[in-house]
Every structure is written in structure tokens, then in C-alpha cells.
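Structure, as C-alpha cells:
Every chain is numbered from 1 and lettered A, B, ... according to where its sequence line falls, protein lines coming before strand lines.
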2 protein chains.
Amino acid sequence: MNIGDAAKATGLSAKTIRYYEGINLVVADRSENGYRNYSDAHIHKLRFVQRARRLGFSIDVCRALLSLYQDRNRASAEVKSIAKKHLGEIEAKIVELQNLQQTLSHLIDHCAGDDRPNCPIMDDLSGEFHDTSADDRKLH
Amino acid sequence: MNIGDAAKATGLSAKTIRYYEGINLVVADRSENGYRNYSDAHIHKLRFVQRARRLGFSIDVCRALLSLYQDRNRASAEVKSIAKKHLGEIEAKIVELQNLQQTLSHLIDHCAGDDRPNCPIMDDLSGEFHDTSADDRKLH
DNA sequence: GCTTGACCTTACTGTAACTAGAAGCTTTAT
DNA sequence: ATAAAGCTTCTAGTTACAGTAAGGTCAAGC
């Protein structure tokens, strides 16, 4: 199986597969003409990596998972621990983004969005706070 | 004001401030000895960028925001549109991460996490599905 | 005058995970 | 025979910096 077919079989691009070989993640055999040659076992590994990457695991973690995958004596506790750590990072990222979301949508809500220059978003960025968080109070 | 003081005044590192100058984002004056020299206006710009970056805007978008900031005739609609686009991207990322979170925590929940090799997380990555989504049904 | 230490300069490298492009083989199809 | 498709390696670009090296500048203390 040449790299093009491997790409089709795994959903990865040929470029990506070459890159994975470059970093010693999944190394193919070579045919006589120098072309990379992929066996079913290679394809299996590549698909494994593709799924792990889709779940957001870093390449380094994929490397560890791949080696656990090939370890008949692995403890599922080890896999679970890696996954849990990754889940924690994802959850932290979600919280971080949700904070940004709140701040941004608040600012957006209070921007007229017309042709005048006055803009609470700019005020916030420039450090002039107009305190829109209590804009329901009575002024004047 | 030298770069060290500018760093303290803005919360950015000197490295970052030099980088911003390198990409023509905020360019300082120079003293006779060749040191960068920051005025209040420079500090203000740097703080503007710092706040925008903290809100997750890319450097390129910061550049656009900075130029809008200095445009007395800007329309707040333009700022709002940039912010809205960014908010959309953040929200998309949140959804993506929440999907990962669901998948991962589901897999983690179904992994014994002991010293045996059997592991639904590995099964999922390798493409062997054991369908834990309906694991409350009676088997056997 | 000399040294020390803090601060500044430029320039180069490394990060993550690829993607794009160039120049040149090999294979396949016409 | 030739063109198209597919393969090879190599280099550079992406984002937003951080780390390090080698060296210039400045104020204080002896």
C-alpha cells in the first residue's frame, strides 16, 4: 500500500503521514523503488493516532497511548489516568473560554454598533471603564 | 521610560514588547544610547494590546483594533463586528471542547482503571467499539 | 580607575503540528 | 513517446512568543 492509499484508508493527508514518520511516530517500510509501503498493522496504528488526535491528545501523548496500546500487560489505570488528565485540561480550557465569552458578549451587548465612534468595547480595551455591569441603575 | 519600566507598567514582558516592535505593532522611540524610549502614548497602546490579547484577539486583529482605536471617525459598528466574529469563534471552540469532554468523560466512566489491560478507552481508539452508550441493558 | 551588577541591544533557535511549495524521480495511462 | 498522477526529499511558513548567547551601557561602590 502506497502513501496515497494509506491516506485514503486513514483519513489523514499524505503530508501528515510523512510528518508522523519524520517524528518517528509511525514508520513505514520501503518498497524497492523507495516508496513507503503500508501494511494493515501500519494502517491500524495510523487510525489509532488519528482517533486520538481527534480527541485532542497531543502527539506526545499519542505516542504514549500507542505504546500502551501495543503493551499486552498494560494496566487500564494508566490509560485512564492519561485520559483524566487530558479531560481536566479540556475542562479548564472550557472555563477559560466561557469567561471570555461572558466578557465579550457583555461588551457587545452594550455597543450600539452604528456609525458613531463611541464604543464600550474600545473603552474597555483602552482602560476607560464606563461600568456597564450596572447599567440598569438610574443615572441623572 | 526604558523597556523594563514599560514592561512593569503594562504587565507585558520586555521580550513581548520587543516582539511587538519587531512586527511593527507598537514601535518605540530611541534614546541616544540606542535604548527604546516609551512615552505615555506608547504605554497606552501597549496596554490596549495587552487587554485585547487577554480577550483572545489575535495579533492581526489587535492591529486592526489599534488602528480603529486611533481613528476618531471610526464607526462602532466596525468594532462590534470584529468582536462578534471573535465571539463566534470562541463559542464554536467551546462547543467543540464540550463534545470532546462528553466523549472523554463517557469513556473514562467506563474504564475500570485497575491493573488489568482491558480498557474501553483503548478499544475506542483502536476502533473496536463495545458500545458503552447502552450499557444499562441486560447482557447474557 | 575599576569592578560589579542590573539593564539594555541584536540575533538565532525552539515551540506544536502540521501545510505549502519546489525540484526531481517513478509509475501508469494514452 | 509523452503526459499526468503519484512518489521522493528539502525548505520555509504558520502563532506568539520564550530562551539563550554575545556584547554594549549605566550607576554605585571601593
Side-chain angles (χ1 to χ4, degrees), chain A residues 1-38 42 45-66 85-86 89-90 93 96-97 100, chain B residues 1-39 42-43 45-66 85-86 89-90 93 96-97 100:
Chain A
M1 214 182 200
N2 284 349
I3 198 168
D5 295 324
K8 274 171 205 152
T10 60
L12 297 165
S13 73
K15 285 274 187 198
T16 299
I17 296 176
R18 276 190 211 103
Y19 171 71
Y20 287 167
E21 177 162 322
I23 61 172
N24 256 299
L25 186 60
V26 178
V27 179
D29 298 331
R30 296 287 177 143
S31 306
E32 292 203 346
N33 57 12
Y35 286 15
R36 290 173 181 79
N37 194 357
Y38 294 87
H42 289 128
K45 278 198 201 178
L46 286 171
R47 268 211 278 257
F48 182 95
V49 172
Q50 189 250 8
R51 291 201 189 87
R53 292 286 299 129
R54 231 173 32 194
L55 283 178
F57 289 103
S58 73
I59 294 273
D60 265 6
V61 173
C62 286
R63 204 187 295 275
L65 288 172
L66 204 49
K85 182 172 177 227
H86 181 46
E89 289 163 4
I90 287 172
K93 191 78 193 168
E96 188 190 329
L97 289 178
L100 290 185
Chain B
M1 211 179 199
N2 285 347
I3 198 168
D5 296 324
K8 275 170 205 150
T10 59
L12 297 165
S13 73
K15 279 276 183 201
T16 299
I17 296 176
R18 275 190 211 103
Y19 172 71
Y20 287 168
E21 176 162 323
I23 61 170
N24 256 297
L25 186 58
V26 178
V27 179
D29 298 333
R30 293 291 176 140
S31 305
E32 291 202 347
N33 58 11
Y35 287 14
R36 289 174 181 79
N37 193 0
Y38 293 86
S39 67
H42 290 127
I43 300 298
K45 277 197 200 179
L46 285 172
R47 267 212 278 259
F48 183 95
V49 172
Q50 189 250 10
R51 293 203 188 84
R53 291 285 301 130
R54 230 172 34 193
L55 283 179
F57 289 103
S58 73
I59 294 272
D60 264 6
V61 172
C62 287
R63 202 187 294 275
L65 288 172
L66 203 51
K85 183 174 177 225
H86 182 46
E89 288 164 4
I90 286 172
K93 192 77 191 170
E96 188 190 329
L97 288 177
L100 290 185

> Hey, does A:Ile23 reach any base, or is it just sugar-phosphate, or nothing, if we go heavy atoms under 4.0 Å?
Replying inline: nothing
>> Checking A:Lys93 against A:Glu96 for the salt bridge (Lys or Arg N to Asp or Glu O under 4.0 Å) test, could you report, in this order, the C-alpha distance in whole Å, the side-chain angles of both residues, the deciding distance, and whether it holds?
In response: CA-CA 5 Å; A:Lys93 191 78 193 168; A:Glu96 188 190 329; 3.8 Å; yes
From [atom1] of [X] over to [atom2] of [N], roughly how many Å is that when rounded to an integer?
X	N	atom1	atom2	answer
A:Glu89	C:dA16	CD	P	13 Å
A:Arg18	D:dC7	CZ	P	7 Å
A:Met1	D:dC7	CE	C1'	16 Å
A:Tyr38	D:dG6	OH	P	16 Å
A:Asp60	C:dA17	CG	P	7 Å
B:Leu12	D:dA16	CG	C1'	12 Å
A:Glu32	D:dC7	CD	P	18 Å
A:Ile17	C:dT19	CD1	C1'	14 Å

> Any side-chain N or O of B:Arg30 under 4.0 Å from OP1/OP2 of C:dT10?
Replying inline: yes
> Is there a side-chain polar atom (N or O) of B:Arg36 under 4.0 Å from OP1 or OP2 of C:dC8?
Replying inline: no
> What pair of heavy atoms forms the shortest contact from A:Ala28 to A:Asn37, and how long is it?
Replying inline: CB-O, 3.8 Å
Between [X] and [Y], is any pair of side-chain heavy atoms under 4.5 Å apart?
X	Y	value
A:Phe48	A:Val26	no
A:Tyr38	A:Thr10	no
A:Arg36	A:Ile17	no
A:Arg63	A:Leu66	no
A:Lys45	A:Tyr20	no
A:Arg54	B:Leu100	no

>> Once pairs are restricted to Watson-Crick or G-U wobble with both distances under 3.5 Å, how does DNA chain D read as a dot-bracket string, [ ] for crossings and | for other-strand pairs?
In response: ||||||||||||||||||||||||||||||
> Where along nucleotides 23-30 of chain C does protein come under 4.0 Å, by heavy atom, of base (B) or sugar-phosphate alone (S), with - for untouched nucleotides?
Replying inline: ---BS---
Heavy-atom donor-acceptor pair, [X] side chain to [Y] backbone, under 3.5 Å:
X	Y	result
B:Asn2	B:Gly4	no
B:His86	B:Leu55	yes
B:Arg47	B:Gly11	no

Atom pairs, N/O to N/O, protein against nucleotides 17-21 of chain D, distance under 3.5 Å?
| unit_1 | atom_1 | unit_2 | atom_2 | d |
| --- | --- | --- | --- | --- |
| D:dC17 | OP2 | B:Tyr20 | OH | 2.8 |
| D:dC17 | OP2 | B:Arg53 | NE | 2.8 |
| D:dC17 | OP2 | B:Arg53 | NH2 | 3.4 |
| D:dA18 | OP2 | B:Ser13 | OG | 3.0 |
| D:dA18 | OP2 | B:Thr16 | OG1 | 2.9 |
| D:dG19 | N7 | B:Lys15 | NZ | 3.2 |
| D:dG19 | O6 | B:Lys15 | NZ | 3.2 |
| D:dT20 | O4 | B:Lys15 | NZ | 2.3 |

